[in-house]
**Q** 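Handing you this structure, nothing more for now.
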There are 2 protein chains.
Amino acid sequence: MRGITLALDAMGGDFGPDVIVPAALQALRYYPQLELLLVGKPAAITNYLVKYNSISNDRISIVPTKYIINSEAKPSQAILSSQGTSMRVALELIKVGRAHACVSAGNTGALMGLAKLVLTPIAGIHRPALMVILPHQNNGKTVVLDIGANIKCNAMMLVQFAIIGEVIAKQIIGVVNVPRVALLNIGAENTKGFGNIHQAAKILSNISSINYIGYLEANELLTGKTDIIVCEGFVGNVTLKTMEGVIRFFLSLIKSSDDSVQHNFSMNTNIVCNFSYMNPDKYNGAYLVGLCGTVIKSHGAANQQAFTTAITQAVKAVERQISKKIASRLAECWITTE
Amino acid sequence: MRGITLALDAMGGDFGPDVIVPAALQALRYYPQLELLLVGKPAAITNYLVKYNSISNDRISIVPTKYIINSEAKPSQAILSSQGTSMRVALELIKVGRAHACVSAGNTGALMGLAKLVLTPIAGIHRPALMVILPHQNNGKTVVLDIGANIKCNAMMLVQFAIIGEVIAKQIIGVVNVPRVALLNIGAENTKGFGNIHQAAKILSNISSINYIGYLEANELLTGKTDIIVCEGFVGNVTLKTMEGVIRFFLSLIKSSDDSVQHNFSMNTNIVCNFSYMNPDKYNGAYLVGLCGTVIKSHGAANQQAFTTAITQAVKAVERQISKKIASRLAECWITTE
């Protein structure tokens, strides 16, 4: 391997190689040191490489697989019959050292289950989490986890997610001061919400190296009051999707407004520019964190731009050696609490 | 009583009579048959009635009380020492038949607890819920409950919320066909989410008079795919606040865009008009449903327009005899399942 090598599940998502091949080519233009392994059906991938005049690009290799995990399949069943699928083979390429990370737009549940099976969690991590980096209104970013890997979490899982989020805030977002950590809750008072949240708050307050700032309500998610917000996977998933629904609705309104009134275009462009960084396509790529290896989950419906963004996330995670840094920060925090 | 009489907790919320008195006067202009009981400190209320030249308005009476429930107070403690507070007296006015309904912008937890204590739940209702009516992008409205009264719910509570929501969709929104009921979940598949959601889905599917359409994800909340969406109070509260945060952020962007570019104003106005019905001020007023009596909870930070909207909600609920209709629909559904 020279530079960074990523394994792409070329068959995953709603569009498979139709979107993933051009996204891969775009990413190669961004990163001269990047190499990509396109995992999937050779004929399908080749068709698109020919279409984009890239059949002889020596930074792309095809890793042939026969099978595909259906995006509608029940994760437990999909995992049972996952041998030889593009998703599993992409993950195995990390395990055997051929790739540094993997990106897939396939079945989320299957990807999480397989990643845990193939890559195993970092020592001490109870459960890996699904994490996303959201832009906020003060031109910064907020790390949100868990957004769906674990619908229910105990206090210690929430604490571990906070520590993982802290590493991401420093390494990926580039937060300079000690990152601020908040727990998502339905009020600022101690009595609000569930027992596991109260316990997590207590533990986080007692780790002196963590800048725990308390509970945050969901209407403050975009205000930039925190660098990391931690929640259980069910509520995290609902939060993210609620946000996505409102933003897509807003963007569609602006678009229809543009269509109906041709003049005054500059104003709309102005608003769109201000707001479009909130477009889910721009922050596509959820990190599956807490594993010995980097796995990025793209939206199933990702378009080319969105899938390229997901590849970008993988490159950054590899460059910053996220898994290794999570492991060492975790060890540090346990020392602090002793 | 002639027409409709409402008791307003004049001391509740962040602004008390400063907002509530002018909002009350505005509501009286909308509804010629409305009478209002302003419950609170007479001197404070009188000041504002004088300010608005309404001291001799014979459709307003002051019901004097000495005490106020602090909006930061722990609900259980607030309830213990609630005798003689504006919130409690406003609820008691329903109980003794002097008012048809009550509106308060005060401490949510205390209001829910006191309402249950003073008004008691409708026979058969396990737990009252907090409900909101949200506008959606197809020019209709969606009933969402529970948005915070019960952070955790069992399956039967979710089923009862669905039935309550159905009555509201028919009576308040005016849905003509059998209203569509969905459960909020993190995927459409049967295996997604928690056991209580799965059980509720099963029960709802078996009640033939209910138009249960399945699980809905949070990014579809504004699409108008359902008339009623049912969820547990924790996740409902987070969903609503997430939405509120994104919408307020969007409205602030448009405002700052307006300020910086004076021309092209028509375009922004156009977008604002399209979107402003999503402004939380416009749909202020959560219903506390499932009680023998109508209670509307206004945002604590409601401005005059928002508090008037909350009064409007109370008027509609009284006009449509919501509590009575919920009780009879509930009885009907149990007959259907037998």
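Every chain is numbered from 1, with letters handed out A, B, ... down the list of sequences. Scope of the values below: all heavy atoms of this structure, side chains included, with no hydrogens, waters or symmetry mates.
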**Q** Is it the side chain or the backbone of Ile197(A) that comes within 4.5 Å of chain B heavy atoms, both, or neither?
**A**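 Looking at Ile197(A), just its side chain touches chain B.
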**Q** Using non-hydrogen atoms only, which part of Asn185(B) is less than 4.5 Å away from chain A: side chain, backbone, both, or neither?
**A**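 Contact with chain A involves both backbone and side-chain atoms of Asn185(B).
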**Q** Measure the spacing between OG1 of Thr242(A) and CD of Glu244(B) and express it to the nearest 0.5 Å.
**A**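 Interatomic distance, Thr242(A) OG1 to Glu244(B) CD, rounded to 0.5 Å: 12.5 Å.
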**Q** Of the non-hydrogen atoms in Phe234(A) and Leu184(B), which two are nearest, and what is the gap between them?
**A**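 The answer is CZ-O, 4.1 Å.
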**Q** Just wondering, are more than 12 heavy atoms of other shown residues or ligands nearer than 6.0 Å to NZ in Lys241(A)?
**A**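 Counting other residues, nucleotides and ligands, NZ of Lys241(A) exceeds 12 neighbours.
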**Q** Would you mind telling me which of Val235(B), Ile186(B), Asn237(B) has the largest number of heavy-atom pairs within less than 4.5 Å of chain A?
**A**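 Looking at each of Val235(B), Ile186(B), Asn237(B) in turn, Ile186(B) comes out on top.
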**Q** Can you confirm whether more than 12 heavy atoms, excluding those of Lys152(B), are under 6.0 Å from its NZ atom?
**A**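 Check passes, neighbour count above 12.
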**Q** Is it the side chain or the backbone of Thr239(B) that comes within 4.5 Å of chain A heavy atoms, both, or neither?
**A**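 Both backbone and side chain of Thr239(B) come within 4.5 Å of chain A.
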**Q** At a heavy-atom separation under 4.5 Å, does Leu216(B) approach chain A through its side chain, its backbone, both, or neither?
**A**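 Looking at Leu216(B), nothing touches chain A.
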**Q** Could you pull out the closest heavy-atom pair between Gly193(A) and Ile151(B), with the gap in Å?
**A**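 Heavy-atom minimum between the residues: O-CD1, 3.5 Å.
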**Q** Heavy atoms only, distances under 4.5 angstrom: which of Thr223(A), Asn219(A), Val238(A) has the most pairs with chain B? Name it, please.
**A**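 Result: the option with the highest number of such pairs is Asn219(A).
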**Q** In terms of heavy-atom pairs under 4.5 Å, which option from Lys74(B), Glu220(B), Glu189(B) contacts chain A the most?
**A**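 Looking at each of Lys74(B), Glu220(B), Glu189(B) in turn, Lys74(B) comes out on top.
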